[in-house]
Amino acid sequence: MIDLRLLREDPDLFRASQRARGESESSVDRLIGADEARRSALTRFEAVRSEQKTLGKQVPRSQGEEKAALLERTKELAAEVKTTEAAVAEAEEELRLAQLAVPNLVESGAPAGGEDDYVVLKEIGAIPDIPEPRDHLALGEMLGAIDMERGAKVSGARFYYLTGIGALLENAVLQLGIQQAVEYGFTPMVPPVLVKPESMEGTGFLGAHASEVYYLQNDDLFLVGTSEVPLAAYHKDEILNLDGQPRRYLAWSTCFRREAGSYGKDTRGIIRVHQFNKAEMFSYCPPDLAHEEHLRLLGFEEEFLAKLELPYRVIDTAAGDLGSSAARKYDCEAWLPSQQRYREVTSTSNCTTFQARRLNVRYRDAEGKTQTVSTLNGTLATTRMLVAILENHQQPDGSVRVPKALQPLLGRDLLEPVA
RNA sequence: GGAGAGUUCGCCUAGUGGCCGAGGGCGGCGGUCUUGAAAACCGCUAAGGCAGCGAUGUCUUCCAGGGUUCGAAUCCCUGACUCUCCGCCA
């Protein structure tokens, strides 16, 4: 939800943002119209309601004819209150719909354009020279780590079992992420993965992403696609005491995604699956520190990828490829030898006040005034990282070297093919 | 799944139709007193929309949504949630 006051002040800011996203400016104008309509409806209602209250108080104190006249007038007013109130409700509904159609204001500096217009900020680590690399599934099967066939038998396409060392490896990766985050003062959390519609909508996942989301009709609950959802909704309708500092949480949970519309893409292995695990960073932050905090989250992600000894690059996602809540997004992409290209493993978004405004999460500033917080999120550790670990650290015989940081958690420095 | 109880201002609680946006206690903040602190006493103590440069005004909010009424925290209906007991499952 964008800031209507800012919109009134500077509508062109939002028009420019829409252009950068490659989206229509008309939704901005519709919102401006809806805002004006609501305010004038509200003014009409308040005038009538105010008179009703004033006269209503005189009724019990008056007598005879005077009372009869008052009652007649207040009766009229009651009807007017009803119609003007209905007009306000209608105008508010239109405003709400118009709000949903306008995505967050893009942060200045974000590249304009679509999916392919990202800017590479840096490339870190040497791309390994592996002649005839095996892909992660081939490796995973040799190691007895990944079982896609039985995943499909039991649950269908894009489901899998992590077995043996695969299960342990995932656990170790998540655990390493948790350790790092706790070291940096994040509050660790295990969140619910089933949430109510309002929580889903509040975080902005029922808009363009609605078809991505699993829904349990019998219970009117959604399965979350990321723990960003329960983390963002955690402080819904609260006023936080931030003391001028970001408040950071780290939640790990299973994530569920329908992957609708991705037929034929990444059908091999566990790159794109319906269910995976992820440790997600989330920060509630005073807005003036949000940009800085965003870079810090990116820093945590990079530090983590370095621990996994993965070559990666950082891209600044183009405006058109941002989610509707995000003002800016940086992705870390790890190198995949089997594909000879970089693939996304982490993603951090600055949602500024967009998400918090919808969820009504505020804080008290230094003067004690309540203001909307900024929210930010970022991936720390996830199942998909197993793909990059297996492929980048593979040896000619199919064994896989274990990055130093994971060795204590796995109790070994080499994963060896079984049988 | 069955039966019952409940949801009021940070917390506890009062409030069965107008004097209630709402009293009391606790907590919090400020002050008097004190060398300092405690105690005592005094005062303040919600969030939000709209209009206004501002003082301020106005409206909304007593779980939510409908209804009755000139007027609803209070009466009626529906729903959500919480708690207790029973059953069932783990």
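Order of the sequence lines fixes the chain letters, A, B, ..., with proteins taken first and strands second; residue numbering starts at 1 for each chain. Since we're looking at a predicted model, the values are computed, not measured.
Across every strand in view, B/U16 sits unpaired, with no contact that passes the Watson-Crick or G-U test at under 3.5 angstrom. If you check B/A40 for Watson-Crick or wobble pairing at under 3.5 angstrom, you find it paired to B/U32. Under the Watson-Crick or G-U wobble criterion, with both distances below 3.5 Å, B/C62 has no partner in any strand shown. When both pairing distances are held under 3.5 Å, B/G52 makes no Watson-Crick or G-U pair with any nucleotide shown. Applying the Watson-Crick and G-U wobble criteria (two distances, each under 3.5 Å), B/G10 pairs with B/C26. In a base pair of the Watson-Crick type (N1 to N3 plus N6-O4 or O6-N4) or a G-U wobble (N1-O2 and O6-N3), with each distance short of 3.5 Å, B/G1 is matched with B/C86.
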Indicate every side-chain donor-acceptor pair of residues 401-409 of chain A with a distance under 3.5 Å to a residue at least two apart or in another chain.
unit_1, atom_1, unit_2, atom_2, d
A/R401, NH1, A/E309, OE1, 3.2
A/R401, NH2, A/H393, ND1, 3.0
A/Q407, NE2, A/V402, O, 2.8

Taking distance alone, no hydrogens or angles, what donor-acceptor pairs closer than 3.5 Å link side-chain atoms of residues 314-323 of chain A to residues at least two apart or in another chain?
unit_1, atom_1, unit_2, atom_2, d
A/D316, OD1, A/R328, NE, 3.2
A/D316, OD2, A/R328, NE, 3.4
A/D316, OD2, A/R328, NH2, 2.5
A/T317, OG1, A/K329, O, 3.1

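As rounded to the nearest Å, B/G25 and B/C44 have P atoms that lie 13 Å from one another. Rounded to whole Å, the separation between the P atoms of B/C63 and B/U8 comes to 7 Å. Rounded to a whole angstrom, the distance from the C1' atom of B/C77 to that of B/U69 is 16 Å. Only the P atoms considered, B/C85 is 27 Å distant from B/G15, to the nearest whole Å. For the C1' atoms, the distance linking B/G23 with B/A37 amounts to 33 Å, nearest Å. For the C1' atoms, the distance linking B/G66 with B/C11 amounts to 32 Å, nearest Å. For the P atom pair drawn from B/U13 and B/G18, the interatomic distance equals 24 Å after rounding to whole Å. A distance of about 15 Å separates the C1' atoms of B/G6 and B/C62, rounded to the whole Å.
Between the CZ atom of A/R364 and the P atom of B/G10 there is a distance of 10 Å, rounded to whole Å. Going from atom CD1 of A/I239 over to atom P of B/G28 covers 19 Å, rounded to whole Å. For A/E72 and B/G71, the CD to C1' distance is 17 Å, given to the nearest whole Å. To the nearest angstrom, C1' of B/C70 lies 12 Å from CZ of A/R73. Whole-Å rounding puts the A/Y363 OH to B/G10 P distance at 21 Å. In this structure, CG of A/N360 is placed 9 Å from C1' of B/A47, rounded to the nearest angstrom. If you take CG of A/L7 and P of B/C50, they are 12 Å apart, rounded to a whole angstrom. The distance between atom CG of A/N241 and atom C1' of B/G10, rounded to the nearest whole Å, is 12 Å.
Looking at which nucleotide of RNA chain B each of A/R362 and A/Q52 is closest to, the 5′-most match is held by A/R362.
The salt bridge (Lys or Arg N to Asp or Glu O under 4.0 Å) search around A/R21 returns none, not counting sequence neighbours. Remark: A/R150 pairs with A/D147 by the salt bridge (Lys or Arg N to Asp or Glu O under 4.0 Å) rule, at least two apart or across chains. With sequence neighbours excluded, no residue satisfies ring pair (Phe, Tyr, Trp, His ring centres under 6.0 Å) with A/F354. With sequence neighbours left out, the ring pair (Phe, Tyr, Trp, His ring centres under 6.0 Å) criterion links A/F186 to A/F300. Evaluation of the ring pair (Phe, Tyr, Trp, His ring centres under 6.0 Å) rule for A/H294 yields A/Y330 as partners, not counting sequence neighbours. Looking at residues two or more places apart in sequence or on another chain, you find no salt bridge (Lys or Arg N to Asp or Glu O under 4.0 Å) involving A/E36. With sequence neighbours left out, the ring pair (Phe, Tyr, Trp, His ring centres under 6.0 Å) criterion links A/Y312 to no other residue.
Residues of residues 32-40 of chain A that place a heavy atom closer than 4.0 Å to RNA chain B, in numerical order, are A/R38, A/R39.
For A/R44, no side-chain nitrogen or oxygen approaches OP1 or OP2 of B/C50 to under 4.0 Å.
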**Fill in**
5' to 3', nucleotides 53-63 of chain B under a 4.0 Å protein heavy-atom cut-off (B base, S sugar-phosphate only, - none) gives -----BBS---
Nucleotide N/O to protein N/O under 3.5 Å, stretch nucleotides 64-69 of chain B:
unit_1, atom_1, unit_2, atom_2, d
B/U68, OP2, A/K82, NZ, 3.3

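The closest side-chain heavy-atom distance from A/V387 to A/I270 is below 4.5 Å.
Close placement of the A/Y284 and A/F282 rings is indicated, their centers lying within 6.0 Å of each other. In this structure, A/H274 has its ring center at least 6.0 angstrom away from the ring center of A/Y160.
The residues A/E201 and A/R358 are annotated as not salt-bridged, no charged nitrogen and carboxylate oxygen being separated by less than 4.0 angstrom.
Across all strands, A/R357 comes closer than 4.0 Å to no nucleic acid atom at all (heavy-atom distances).
Heavy atoms only, all atoms of each residue included: A/R158 and A/G264 are closest at NH2-N, 4.3 Å.
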